[in-house]
Student: 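Provided herewith is a single structure, encoded as structure tokens, for subsequent inquiry.
The first residue in the sequence is number 1, and the count goes up from there. Counting starts at 1 for both ligands and their atoms, in listed order. Scope of the values below: all heavy atoms of this structure, side chains included, with no hydrogens, waters or symmetry mates.
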Amino acid sequence: MTKASAVRVFVPSDTTARSLGADGVAAAIAREAGTRGLPLTVVRNGSRGLYWLEPMIEVEVGGKRLAYGPIEAKDVPGLFDKEFLAGGKHAKALGVTDELPYLSAQSRLTMARVGLVDPLSLEDYRAHGGYRGLANALKLSGADIVKAVTDSGLRGRGGAAFPTGIKWNTVLNAEARQKYVVCNADEGDSGTFADRMIMESDPFVLIEGMTIAGLAVGATQGYIYVRSEYPQAIRTLRAAIEAARQAGFLGASVAGSGKAFELEVREAAGAYICGEETSLLESLEGKRGMVRFRPPLPAIKGLFGQPTIVNNVISLASVPIVLDQGAEHYKNFGTGRSRGTLTIQLAGNIKQGGLVEVAFGKTLRELLYDFGGGSATGRPIRAVQAGGPLGAYVHPSQFDTPLDYEAFAKIGAMIGHGGLVVFDDTVDMGEQARFAMEFCAIESCGKCTPCRIGAVRGVEVIDRIRSGQESDANLALLRELCGTMIDGSLCALGGMAPFPVMSVLNHFPEDLRPRQ
Ligand SMILES: Cc1cc2nc3c(=O)[nH]c(=O)nc-3n(C[C@H](O)[C@H](O)[C@H](O)COP(=O)(O)O)c2cc1C
Ligand code: SF4
């Protein structure tokens with residue numbers, strides 16, 4: 001092989017890749033290159049989101065990136081022997097990264113740079129289209145920025161799918177000396193990691209999105225409330241914020257515009273309910289995370305009683321592309337009232353788990369089988385919990401439902417934050433129903449009775465059903481209890497915990513018979 005001249009080798013630094021040994025692989029590559037006297041640069045990029053192949057390394061050859069994975073440190077000498085720096089054949093060679101079907105079949109808008117760039121290189125970010133959205137936003141009035149977001153059809157990706165532009169408009173029109181932008185990065189839903197991927201792999205896109213939000217509504221201070229279990233995301237964000245500040249993209253005069261925007265990271269309190277926006281605001285104010293009564297909405301009276309945008313990471317990270325490419329471009333993806341793309345996270349018992357960004361409209365079946373490759377165990381998929389721990393269990397007869405907020409609502413399910421947790425036919429759905437109530441009992445903030453007491457009673461009733469005590473009467477009682485929790489709970493924790501239970505009652509009733 002001819003001597004390589006500073007070939008770039010990419011080794012993901014994302015938490016998942018690191019948990020699978022990426023740091024050891026990076027060190028082994030640097031060591032081996034040193035021993036062999038081969039100049040190379042190891043770039044710690046984010047993950048491409050093909051988690052079953054992590055650590056998936058890439059090498060840049062002739063302007064293309066070639067992937068190898070999953071790589072262990074012990075594979076590294078063999079990779080050098082096979083001249084992987086020149087794209088040599090190796091048992092773990094996967095081909096051109098962009099041509100891998102899992103990636104080429106996606107429409108990456110929000111995640112366009114994830115896995116491509118060095119997360120902390122502003123230069124890399126800008127070379128890949130970063131800060132173009134902000135540049136356009138700076139030429140517009142606040143109202144015009146809000147209009148662009150409204151016209152794009154973007155709806156909140158945190159769970160409730162509320163139109164982002166309408167929320168921003170309320171904050172824009174609220175009179176106040178101080179307004180805030182708060183990013184909800186508590187990411188508590190089971191099987192979800194899209195927020196983390198953005199924060200660890202492309203933090204500047206979130207910073208840019210929040211800056212545009214601040215300019216749009218006249219907010220000069222933002223906070224990112226990050227799940228405490230994400231230490232790397234917290235570190236990466238803090239470093240990226242500092243880099244953006246040093247480069248003049250944050251501070252008293254954003255990009256020399258004379259308009260101020262500052263940003264800080266706050267570590268979350270470690271409770272599921274702290275992801276609920278009013279609870280989050282209480283927690284940000286230094287109090288215990290308890291749900292607030294509504295009205296007033298946070299958009300009117302939010303953080304410290306001031307008008308506040310609260311948006312999910314993915315919602316905010318989708319704003320730069322809207323301002324860069326235009327509302328029409330974003331809106332052209334999707335179906336019905338579900339516009340743009342959705343970051344689906346395939347998790348649980350799935351062969352090819354990872355991040356899939358596609359336009360709304362793809363069916364669950366396509367995600368589970370075309371992308372996911374079926375269950376990891378090879379057994380039939382029996383159920384998928386969509387939308388987190390408060391989401392329904394979707395039955396295989398419903399797998400042709402398109403990803404579309406309204407289509408999911410029609411079958412009593414929700415897309416939520418886009419997490420899909422897959423179960424094969426060995427799952428005990430009675431146990432899953434019990435878990436939904438138990439989860440609610442443990443995570444309840446305790447403010448209202450239907451949730452605080454109802455969830456505990458729910459566990460007891462399910463236990464009675466499963467042990468054969470007056471099954472019919474207790475099944476009727478369970479349905480009644482679900483109705484009471486739905487109608488009487490103050491927030492969606494108690495109000496939606498019955499949904500997974502009812503999906504088991506309706507679609508998997510055989511599992512609520514007494515256990516043998
Ligand atoms: C119990 C509960 C937990 C929630 N957890 C999260 C969360 O972890 N992340 C998130 O973005 N939204 C979460 N939400 C939704 C938020 O209350 C809120 O709707 C969202 O942050 C608004 O942002 P969006 O419009 O961009 O989706 C949760 C809601 C409830 C009821
Ligand atoms: S539903 Fe549960 S979590 Fe929500 S306010 Fe009531 S007690 Fe708190």
Side-chain angles (χ1 to χ4, degrees), residues 110 149 154-168 170-171 181-196 198-199 206 209-210 213 223-230 268-284 288-294 297-299 302 308-319 340 342-343 387-391 405 414-419 437 439-456 458 484-499:
T110 309
V149 174
L154 177 66
R155 290 164 73 179
R157 303 291 193 245
F162 189 80
T164 306
I166 293 181
K167 185 183 287 186
W168 288 22
T170 309
V171 180
V181 178
V182 171
C183 172
N184 188 342
D186 203 35
E187 195 157 58
D189 282 358
S190 34
T192 61
F193 44 82
D195 294 351
R196 180 179 61 72
I198 283 285
M199 294 185 286
L206 175 58
M210 291 186 73
Y223 293 98
I224 312 177
Y225 184 84
V226 189
R227 183 178 178 78
S228 59
E229 295 89 338
Y230 285 175
Y272 183 69
I273 197 60
C274 286
E276 191 282 333
E277 59 186 9
T278 62
S279 219
L280 183 157
L281 294 173
E282 287 286 293
S283 177
L284 254 186
R288 177 178 161 189
M290 293 278 280
V291 173
R292 292 178 181 171
F293 290 104
R294 270 186 290 199
L297 293 169
T308 304
I309 287 180
V310 183
N311 271 136
N312 171 255
V313 172
I314 302 297
S315 317
L316 289 161
S318 299
V319 167
L342 185 64
T343 44
L390 312 177
Y405 293 120
M414 67 166 179
I415 291 175
H417 187 45
M437 284 294 187
F439 178 81
C440 183
I442 292 169
E443 297 292 340
S444 170
C445 84
K447 189 152 178 165
C448 69
T449 318
C451 167
R452 185 184 68 243
I453 309 283
V456 177
T484 305
M485 288 175 71
I486 291 169
D487 294 340
S489 295
L490 181 58
C491 85
L493 178 51
M496 292 181 67
F499 287 142

Student: Below 3.5 Å, N or O to N or O, backbone or side chain included: is there any such pair between D189 and ligand 1?
Tutor: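 N/O-N/O distance below 3.5 Å does not exist for this pair.
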
Student: At distances under 2.8 Å, what protein N, O or S atoms surround atom 8 (Fe) of ligand 2?
Tutor: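 Checking every protein N, O and S atom gives C445 SG.
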
Student: Between R155 (side chain only) and P163 (backbone N and O only), is there a donor and an acceptor less than 3.5 Å apart?
Tutor: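 No; judged by distance alone, with no hydrogens or angles, the pair does not exist.
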
Student: Compare L390, N184, V291, D186 and give the one whose heavy atom is closest to atom 20 (C) of ligand 1.
Tutor: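 Comparing heavy atoms across L390, N184, V291, D186, the nearest one to atom 20 (C) of ligand 1 lies in N184.
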
Student: Ignoring hydrogens and angles, tell me if any N or O in the side chain of D186 forms a donor-acceptor pair with the backbone of G188 under 3.5 Å.
Tutor: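 Here the side-chain-to-backbone pair does not exist.
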
Student: Applying side chain to side chain contact (heavy atoms under 4.5 Å, CB included) to L390 and F499, what does each step give before you reach the verdict?
Tutor: CA-CA 6 Å; L390 312 177; F499 287 142; over 6 Å; no

Student: Testing S279, C451, S444 one by one against I273 for a side chain to side chain contact (heavy atoms under 4.5 Å, CB included), which residue passes?
Tutor: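 Among S279, C451, S444, the one meeting side chain to side chain contact (heavy atoms under 4.5 Å, CB included) with I273 is S279.
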
Student: Which value, rounded to the nearest 0.5 Å, describes the distance between H417 atom NE2 and N184 atom CG?
Tutor: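 With rounding to 0.5 Å, NE2 (H417) is 9.0 Å from CG (N184).
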
Student: Can you sort out which atoms of ligand 1 are near G188, meaning under 4.0 Å from one of its heavy atoms?
Tutor: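 Those of ligand 1 that fall under 4.0 Å from G188 are 8 (O).
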
Student: Between the side chain of E187 and the main-chain N/O of A194, is any donor-acceptor distance below 3.5 Å?
Tutor: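 Yes, because the side chain of E187 sits within donor-acceptor range (under 3.5 Å) of the backbone of A194.
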
Student: Report yes or no: does K167 contribute a side-chain atom to a donor-acceptor pair with the main-chain N or O of I309 at less than 3.5 Å?
Tutor: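 The answer is no, because no donor-acceptor pair under 3.5 Å joins these two groups.
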
Student: Going by distance only, is there an N or O of G158 that falls short of 3.5 Å from an N or O of ligand 1?
Tutor: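 G158 vs ligand 1: N/O contact under 3.5 Å present.
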
Student: For residues M210 and Y223, report the shortest heavy-atom separation together with the two atoms involved.
Tutor: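 That would be CE-O, 3.5 Å.
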
Student: Could you check whether any side-chain N or O of Y225 sits under 3.5 Å from a backbone N or O of G275, counting only pairs where one atom can act as donor and the other as acceptor?
Tutor: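 No: the side chain of Y225 does not pair with the backbone of G275.
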
Student: Which of the atoms of ligand 1 are close to S315, meaning less than 4.0 Å from one of its heavy atoms?
Tutor: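 Checking each atom against S315, I get 24 (P), 26 (O).
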
Student: For atom 3 (C) of ligand 1, grab the closest protein heavy atom and report residue, atom and distance to one decimal in Å.
Tutor: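 Nearest protein contact, heavy atoms only, for atom 3 (C) of ligand 1 is E276 N, 3.6 Å.
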
Student: Any N or O of D195 that comes nearer than 3.5 Å to an N or O of ligand 1?
Tutor: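 Between D195 and ligand 1, no N or O pair is found under 3.5 Å apart.
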
Student: Between T170 and I166, is there a donor-acceptor pair closer than 3.5 Å when you use the side chain of the first and the backbone of the second?
Tutor: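 Judged by distance alone, yes, a pair lies under 3.5 Å.
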
Student: Would you call R294 and E276 a salt bridge, taking side-chain N to carboxylate O under 4.0 Å as the test?
Tutor: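 A salt bridge links R294 with E276.
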
Student: For R157, take its heavy atoms, then give the atoms of ligand 1 lying under 4.0 Å from any of them.
Tutor: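 So the atoms of ligand 1 that pass are 26 (O), 27 (O).
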
Student: Is the backbone N or O of G302 less than 3.5 Å from a side-chain atom of R292, with the two atoms forming a donor-acceptor pair by type?
Tutor: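 Checked: pair present.
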
Student: Considering the heavy atoms of V310, write down every atom of ligand 1 situated less than 4.0 Å from one of them.
Tutor: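 Counting from 1, the qualifying ligand atoms are 22 (C), 23 (O).
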
Student: R157: which residues meet the side chain to side chain donor-acceptor pair (under 3.5 Å) condition with it, sequence neighbours left out?
Tutor: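 Result, side chain to side chain donor-acceptor pair (under 3.5 Å) vs R157: Y330, Y405.
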
Student: Report the part of E187 (side chain from C-beta onward, or backbone N, CA, C, O) that has a heavy atom under 4.0 Å from ligand 1; answer both or neither where that applies.
Tutor: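 For E187, only backbone atoms sit under 4.0 Å from ligand 1.
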
Student: Nearest protein heavy atom to atom 18 (C) of ligand 1, by residue and atom, and its distance?
Tutor: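 The protein heavy atom lying closest is E277 OE1, 3.6 Å.
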
Student: What I want to know is whether Y272 and ligand 1 share at least one N or O pair that is separated by under 3.5 angstrom.
Tutor: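 N/O-N/O distance below 3.5 Å does not exist for this pair.
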
Student: Go through it in stages, so that I can follow the logic: the residues are Y272 and D189, the test is side chain to side chain contact (heavy atoms under 4.5 Å, CB included), and I'd like the CA-CA distance, side-chain angles, deciding distance and then a yes or no.
Tutor: CA-CA 8 Å; Y272 183 69; D189 282 358; 2.8 Å; yes

Student: Counting heavy atoms only, which of C445, A492, S318, G275 is nearest atom 5 (N) of ligand 1?
Tutor: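 Comparing heavy atoms across C445, A492, S318, G275, the nearest one to atom 5 (N) of ligand 1 lies in G275.
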
Student: Can you find an N/O atom of C491 closer than 3.5 Å to an N/O atom of ligand 1?
Tutor: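 No: no nitrogen or oxygen of C491 is under 3.5 Å from one in ligand 1.
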
Student: Does ligand 1 have an atom that lies less than 4.0 angstrom from a heavy atom of K167?
Tutor: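 The answer is yes: ligand 1 sits under 4.0 Å from a heavy atom of K167.
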
Student: Among all protein non-hydrogen atoms, which one is nearest to atom 23 (O) of ligand 1, and what is the separation to 0.1 Å?
Tutor: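 Here the closest protein heavy atom is N312 N, 3.2 Å.
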
